[in-house]
Number of protein chains: 2
Amino acid sequence: MESKNIVTSDNACVLQEILKVIGGKWSMSIVYILFSGTHRFSQLEKSIPHINTRMLIKELKTLASFDIVSRKVYATVPPTVEYTLTEKGKMLKPIIDDIYEWGKVNM
Amino acid sequence: MESKNIVTSDNACVLQEILKVIGGKWSMSIVYILFSGTHRFSQLEKSIPHINTRMLIKELKTLASFDIVSRKVYATVPPTVEYTLTEKGKMLKPIIDDIYEWGKVNM
DNA sequence: TATAGTACTTACACATTTGTATGTCTTATT
DNA sequence: AATAAGACATACAAATGTGTAAGTACTATA
């Protein structure tokens with residue numbers, strides 16, 4: 001079952017879908033933070049320098065829609081929301097570790 | 001030397017630099033093709049469905065500027081140009097393999 | 001003389017992503 | 001009565017990315 005190193009419509013599609021998840025400016029930073037465990041919205045905001053509210057919201061929404069992170073809402077006042085990586089999200093770890101490794105060696 | 005899972009300005013920068021390389025719509029497809037060896041411009045164009053000239057040129061230029069691919073020009077008529085992955089480029093293989101793997105399992 | 005082949009370049013326009021600023025909701029505190 | 005806290009939403013603008021169409025250079029071939 002060797003790959004033939006041809007970019008077909010199929011695997012190009014897969015690549016481009018994945019870029020929707022990890023290709024954004026902030027996605028990998030968010031996922032990286034969540035590797036260390038559940039975080040609240042405000043904690044994420046503090047942990048990621050220079051991100052703004054709108055972007056954090058938007059990325060979390062995207063990540064949730066791809067089932068990379070899960071949201072848990074507590075009906076407190078003011079509201080509390082926790083974000084946690086799903087199993088699918090946790091499986092991104094080798095990719096992001098590799099990327100970091102590559103970056104450290106090559107940049 | 002455990003990482004502390006904090007996105008600093010430094011490592012966020014690394015992530016964002018890497019996205020300039022692998023974050024474009026076509027970059028990973030090009031690199032993927034080049035894993036199988038040196039290709040000419042026209043071969044790349046044929047191997048990657050739906051890419052257009054301008055985008056291929058532009059991505060190759062970016063990849064070359066990051067020293068991911070190298071260009072070799074032959075003074076023939078019409079001109080011949082060969083593109084090959086550099087060592088740095090070849091080191092992207094585990095990343096892209098992981099991404100594919102993740103995609104196959106999760107999408 | 002016209003056309004084809006190869007590797008581009010340029011100008012323009014449309015689309016998507018990102019950023020900035022401000023507003024909303026509910027209740028407790030000053 | 002005004003303010004703060006937490007997690008958003010909304011409107012708008014600026015910045016980037018992507019696509020389309022056409023053109024360039026040189027020479028061999030029909």
Enquirer: OP1, OP2 of D:dG6 versus side-chain N and O of A:T76: anything below 4.0 Å?
Expert: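 No, no such contact exists.
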Enquirer: For A:Q43, report the nucleic acid contact type (base, sugar-phosphate, nothing); a contact means any heavy atom under 4.0 Å.
Expert: nothing
Enquirer: For A:H39 and D:dA7, give me the distance from atom NE2 to atom P, rounded to whole Å.
Expert: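 After rounding, the reported distance stands at 13 Å.
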Enquirer: Think A:K58 has a side-chain N or O under 4.0 angstrom from the OP1 or OP2 of D:dA9?
Expert: no
Enquirer: Is B:R54 near enough to D:dG23 that one of its side-chain N or O atoms lies under 4.0 angstrom from OP1 or OP2?
Expert: no
Enquirer: Which of these nucleotides, C:dT27, C:dC8, D:dG19, is closest to any side-chain atom of B:I57?
Expert: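 Among the listed nucleotides, the one closest to the side chain of B:I57 is C:dC8.
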Enquirer: Given C:dT26, D:dG19, C:dA7, which nucleotide is nearest the side-chain atoms of B:T80?
Expert: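 From the listed options, C:dA7 comes nearest.
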Enquirer: Is NZ or CZ of B:K88 both nearer than 6.0 Å to the six-membered ring centre of B:F66 and within 45° of the ring axis?
Expert: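 The answer is no, since B:K88 fails at least one limit relative to B:F66.
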Enquirer: From the options C:dA7, D:dA7, D:dC8, select the nucleotide whose nearest atom is closest to the side chain of A:T53.
Expert: D:dC8
Enquirer: For D:dC8, does OP1 or OP2 lie under 4.0 Å from any side-chain N or O of A:Y83?
Expert: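 The answer is yes; a side-chain N or O of A:Y83 sits under 4.0 Å from OP1 or OP2.
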Enquirer: Remember a base hit wins even if backbone is also touched, and classify B:K61 as base, sugar-phosphate or nothing at under 4.0 Å, heavy atoms.
Expert: sugar-phosphate
Enquirer: Mind checking whether B:V105 and B:Y32 sit in one hydrophobic cluster, side chains of I, L, V, M, F, W, Y counted as touching below 4.5 Å?
Expert: yes
Enquirer: OP1, OP2 of C:dT6 versus side-chain N and O of B:R40: anything below 4.0 Å?
Expert: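 Checking B:R40 against C:dT6: no side-chain N or O falls below 4.0 Å of OP1 or OP2.
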Enquirer: Is it true that B:V73 and B:V77 fall in one hydrophobic cluster, defined by side-chain heavy atoms closer than 4.5 Å?
Expert: no
Enquirer: Does B:V81 reach a base, just sugar-phosphate, or nothing at all? Heavy atoms under 4.0 Å.
Expert: sugar-phosphate
Enquirer: Indicate whether OP1 or OP2 belonging to D:dG19 is found under 4.0 Å from a side-chain N or O atom of B:K25.
Expert: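 True: B:K25 side-chain N/O within range (under 4.0 Å) of D:dG19 OP1/OP2.
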Enquirer: Does the ring of B:Y83 carry B:K72 above it, NZ/CZ under 6.0 angstrom from centre and within 45° of its axis?
Expert: no
